[in-house]
Amino acid sequence: PENFGVEDMTFSILLDMVTAEISQQGVDRVTERVVNYSAQLEETVKRQKAQLKEERLKAEQLLLQMLPKSVVELLQNGKKYHPVSFTDVGVMFSCIEGMDSVATQLKPLQWVQFLDDMCSAIDNIISGFQHYTYKVENISDCFVVVTGV
């Protein structure tokens with residue numbers, strides 16, 4: 001019974017030392033895990049931002065294929081597009097005569113290449129007038145181009 005107090009105190013000091021050591025190790029481990037997790041989160045956010053930027057660029061390119069640049073810019077800035085009148089507008093419909101017979105004579109990949117070459121040629125022609133000309137779309141065997149808008 002006389003040694004009980006000394007043993008109790010020694011146990012308490014040892015317990016404090018072990019607890020302090022474990023606590024420091026625990027804090028160090030938790031800190032390391034938090035730092036690693038933070039780095040992983042930063043990398044994930046960075047990667048997702050890059051993906052978002054890429055997807056926004058794709059969306060913008062798609063919009064520019066469907067709408068005039070001025071309309072796309074308004075929509076991107078959160079504004080509404082209000083119809084506008086134009087005094088000098090031209091619309092060109094260009095159809096390929098005999099397109100059905102040409103299509104049946106070509107293999108699928110040749111046909112795709114033929115259409116791609118033709119669309120690229122038209123795009124190159126109107127690209128010099130991009131402020132005044134807008135290729136609306138290919139409709140069946142016709143190309144529709146609008147100018148003056």
Side-chain angles (χ1 to χ4, degrees), residues 10-149:
T10 304
F11 178 77
S12 177
I13 292 170
L14 287 172
L15 184 61
D16 286 345
M17 289 172 54
V18 167
T19 305
E21 186 177 332
I22 290 173
S23 293
Q24 186 59 46
Q25 288 176 352
V27 167
D28 290 346
R29 274 191 241 125
V30 168
T31 301
E32 182 181 349
R33 290 176 74 186
V34 168
V35 168
N36 288 340
Y37 184 67
S38 175
Q40 289 173 354
L41 282 178
E42 286 178 13
E43 186 60 35
T44 299
V45 167
K46 186 177 179 181
R47 189 174 53 252
Q48 288 178 343
K49 279 184 176 181
Q51 289 173 341
L52 180 60
K53 185 176 181 179
E54 185 178 317
E55 291 303 317
R56 282 186 175 164
L57 183 61
K58 287 179 187 178
E60 181 178 347
Q61 290 171 346
L62 182 60
L63 282 173
L64 288 170
Q65 290 177 4
M66 297 185 299
L67 300 169
K69 187 176 181 177
S70 59
V71 175
V72 171
E73 288 172 352
L74 282 173
L75 295 175
Q76 286 177 330
N77 292 323
K79 298 178 182 174
K80 288 187 175 184
Y81 175 76
H82 300 287
V84 179
S85 286
F86 295 95
T87 56
D88 297 314
V89 175
V91 179
M92 178 191 83
F93 292 91
S94 175
C95 297
I96 303 166
E97 190 174 325
M99 188 167 188
D100 292 337
S101 64
V102 172
T104 58
Q105 295 174 9
L106 297 175
K107 293 180 181 177
L109 290 178
Q110 290 174 318
W111 177 242
V112 169
Q113 186 62 50
F114 172 77
L115 289 176
D116 185 55
D117 290 346
M118 193 170 10
C119 290
S120 294
I122 291 172
D123 288 343
N124 285 336
I125 292 169
I126 66 172
S127 69
F129 306 100
Q130 69 187 74
H131 295 292
Y132 310 105
T133 307
Y134 174 68
K135 182 178 112 183
V136 176
E137 197 52 60
N138 304 22
I139 302 171
S140 183
D141 62 346
C142 293
F143 295 89
V144 181
V145 177
V146 179
T147 185
V149 292

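Note that the structure is predicted; figures quoted are calculated from it, not measured. FYI, side chains are in, hydrogens and waters are out, and symmetry mates aren't considered; it's all heavy atoms of this structure. By convention here, the first residue in the shown sequence is residue 1.
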Mind checking the OG-CD1 spacing from S120 to I125? Nearest 0.5 Å is all I need. 11.0 Å
d(K69 NZ, L64 CG) to nearest 0.5 Å is 7.5 Å
Modelled atom types, side-chain donor and acceptor of Q113 and D117, under 3.5 Å: yes
Rounded to the nearest 0.5 Å, how far does CD of Q40 lie from CG of N36? 6.5 Å
In terms of side-chain geometry, is the basic nitrogen of E42 or K46 positioned less than 4.0 Å from the acidic oxygen of its partner? no
Evaluate whether atom CZ of F86 has more than 12 neighbouring non-hydrogen atoms of other residues, nucleotides or ligands under 6.0 angstrom away. yes
Side-chain contact test, heavy atoms from C-beta onward, threshold under 4.5 Å: evaluate it for Q110 versus F114 and give yes or no. no
With rounding to the nearest 0.5 Å, note down the distance linking CH2 in W111 to CD in Q105. 10.5 Å
Minimal non-hydrogen separation, M99 against L115, with atom names: CE-CD2, 3.4 Å
Pair Q51, Q48 - check side-chain contact (heavy atoms from CB on, under 4.5 Å), show working. CA-CA 5 Å; Q51 289 173 341; Q48 288 178 343; 4.2 Å; yes
Here's a test for you: under side chain to side chain contact (heavy atoms under 4.5 Å, CB included), which of V102, L109, T104 qualifies with L106? V102
Does CG in N77 sit with more than 12 non-hydrogen atoms of other residues, nucleotides or ligands closer than 6.0 Å? yes
